[in-house]
Number of protein chains: 2
Amino acid sequence: MRAALDLVDRDGGAALTMRSLAKDLDVEAPSLYKHVPNKEAILDGICELVYAEVVIDEVGEEWEERLRAYADGFRRALLRHRNAVPILATRAVATEGSMLLVEVALAEFARVGFDAETARRLLNVVVATVLGMALAEIADQDSARTNFADPDKFPLASVTVVSTPADRDAEFDIALTMLTEGIRRLSEAA
Amino acid sequence: MRAALDLVDRDGGAALTMRSLAKDLDVEAPSLYKHVPNKEAILDGICELVYAEVVIDEVGEEWEERLRAYADGFRRALLRHRNAVPILATRAVATEGSMLLVEVALAEFARVGFDAETARRLLNVVVATVLGMALAEIADQDSARTNFADPDKFPLASVTVVSTPADRDAEFDIALTMLTEGIRRLSEAA
DNA sequence: GCTGCTGGCTAACAGCGTTAGCTGGATTGG
DNA sequence: CCAATCCAGCTAACGCTGTTAGCCAGCAGC
């Protein structure tokens with residue numbers, strides 16, 4: 001699993017091949033099947049490793065701050081393994097490491113006073129946002145694919161499509177602010 | 001392109017093969033290359049078709065309502081082509097149809113009074129959220145993959161992981177509320 | 001009526017995930 | 001202490017993938 005994640009980090013997700021992974025391990029491809037049922041399991045293992053690598057900073061008691069720390073830790077882990085993000089994003093979460101993340105988040109929401117159902121919904125929204133933004137960030141970095149539009153047809157879009165890394169940080173900050181403000185409003189309404 | 005999207009809708013993204021697509025068109029696989037440089041172009045075409053299919057309901061003047069209509073129209077198009085969502089999500093947007101969507105959204109944000117830079121950021125957040133949630137919804141539907149956790153280790157997560165379609169609608173509603181409330185707060189601050 | 005283009009075809013290649021079956025060295029049991 | 005067992009590697013091979021090369025029928029225009 002470790003070797004697989006390293007390979008993905010180094011060469012990208014498409015380069016992860018039974019044969020290439022085997023080569024990294026100084027072994028032939030079919031030998032891998034003595035340790036793993038199929039490639040799916042390797043992809044699951046990669047997800048597991050990334051989730052396990054999420055570290056959430058210890059911060060104060062205010063839930064806004066804690067939510068920020070949570071989302072931020074999640075995001076950092078994703079960006080540390082950019083090439084693995086498309087794998088994570090298209091795979092249902094059902095592993096040990098991801099469950100732990102879910103658990104602590106639900107506990108946080110419960111602490112603030114949300115019922116279990118609402119907590120789960122809020123968490124799904126938060127996770128979708130973090131993953132969605134990471135995905136967009138990864139997608140447009142290898143989109144040196146000359147994506148400039150015709151300024152006559154799209155006067156607004158043509159000038160503003162591209163995002164720098166700093167932009168992405170700012171966008172994530174905005175997203176977090178929106179999430180916390182939205183949650184605050186919901187909790188006040190309840 | 002049309003045939004490719006139909007095939008993906010019917011049999012899933014993994015089933016889209018040069019040979020399978022050719023068979024649907026009563027043709028042999030290599031003939032496709034007379035019309036298309038490679039498979040990538042077909043995937044781009046699929047994205048283009050889905051984006052072109054987005055219809056945004058005509059609603060009142062209030063921007064909250066209009067944002068909802070926008071996100072909702074986007075989401076409906078994605079859910080109409082569930083199997084295509086992983087393709088869309090892992091592909092940078094640079095096509096005609098997607099540009100049009102970007103353009104109208106930026107115009108809306110400008111109308112409300114945001115500067116171009118902020119508008120672009122807000123839009124990125126909105127799109128990431130819609131895509132991220134659609135992705136999660138698609139992912140957990142084919143996750144009949146028995147993903148129940150050990151209740152001792154994860155008391156909260158174990159009971160609440162699964163989402164029904166109605167749940168997902170509710171979650172999307174929550175997400176939209178959070179986005180609008182967050183944006184309102186930002187616009188008030190500015 | 002010949003020329004050339006267009007869009008199909010067959011054959012083939014390298015690389016993919018995966019299976020079957022063999023083999024040598026370590027580990028265990030009597 | 002030798003024999004039996006198991007384990008983890010190996011080679012060979014299958015059917016599938018995207019893609020290229022090269023051929024050929026039919027239609028267009030001069």
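In what follows, chains are A, B, ... by sequence order, proteins preceding strands, each numbered from 1. This structure is a prediction, so every number in the text was calculated from the model and none was measured.
Residues meeting the salt bridge (charged side-chain N to carboxylate O under 4.0 Å, His left out) test with B/Arg68, sequence neighbours left out: B/Asp173. Remark: B/Ala110 pairs with no residue by the side chain to side chain contact (heavy atoms under 4.5 Å, CB included) rule, at least two apart or across chains. With sequence neighbours excluded, the residues satisfying salt bridge (charged side-chain N to carboxylate O under 4.0 Å, His left out) with B/Asp57 are B/Arg76. Listed by chain and residue number, B/Lys153 satisfy the salt bridge (charged side-chain N to carboxylate O under 4.0 Å, His left out) test with A/Glu96 (two or more places apart in sequence, or in another chain). Residues passing the side chain to side chain contact (heavy atoms under 4.5 Å, CB included) test with B/Leu49 are B/Met1, B/Arg2, B/Leu5, sequence neighbours excluded. Every residue two or more places apart in sequence or in another chain that forms a side chain to side chain contact (heavy atoms under 4.5 Å, CB included) with A/Asp11 is listed here: A/Leu7, A/Ala15. Residues satisfying the side chain to side chain contact (heavy atoms under 4.5 Å, CB included) test with A/Asp115, not counting sequence neighbours, are A/Glu117, A/Thr118. For A/Glu61, the salt bridge (charged side-chain N to carboxylate O under 4.0 Å, His left out) criterion is met by A/Arg111, not counting sequence neighbours.
Remark: B/Glu65 CD is packed, more than 12 non-hydrogen atoms of other residues, nucleotides or ligands lying under 6.0 Å away.
Counting only residues at least two apart or on different chains, the salt bridge (charged side-chain N to carboxylate O under 4.0 Å, His left out) pairs with a member in residues 17-26 of chain A are A/Arg10-A/Asp24.
Taking every heavy atom of residues 5-13 of chain A and every atom of DNA chain D, no pair lies under 4.0 Å.
Taking 4.0 Å as the cutoff to heavy atoms of chain B, we find the contact window on DNA chain C bounded by C/dG7 to C/dA12.
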(message) How would you summarise protein contacts on nucleotides 6-18 of chain D per nucleotide, using B for base, S for sugar-phosphate only and - for none, with heavy-atom distances below 4.0 Å?
(response) --BBBBBB---BB

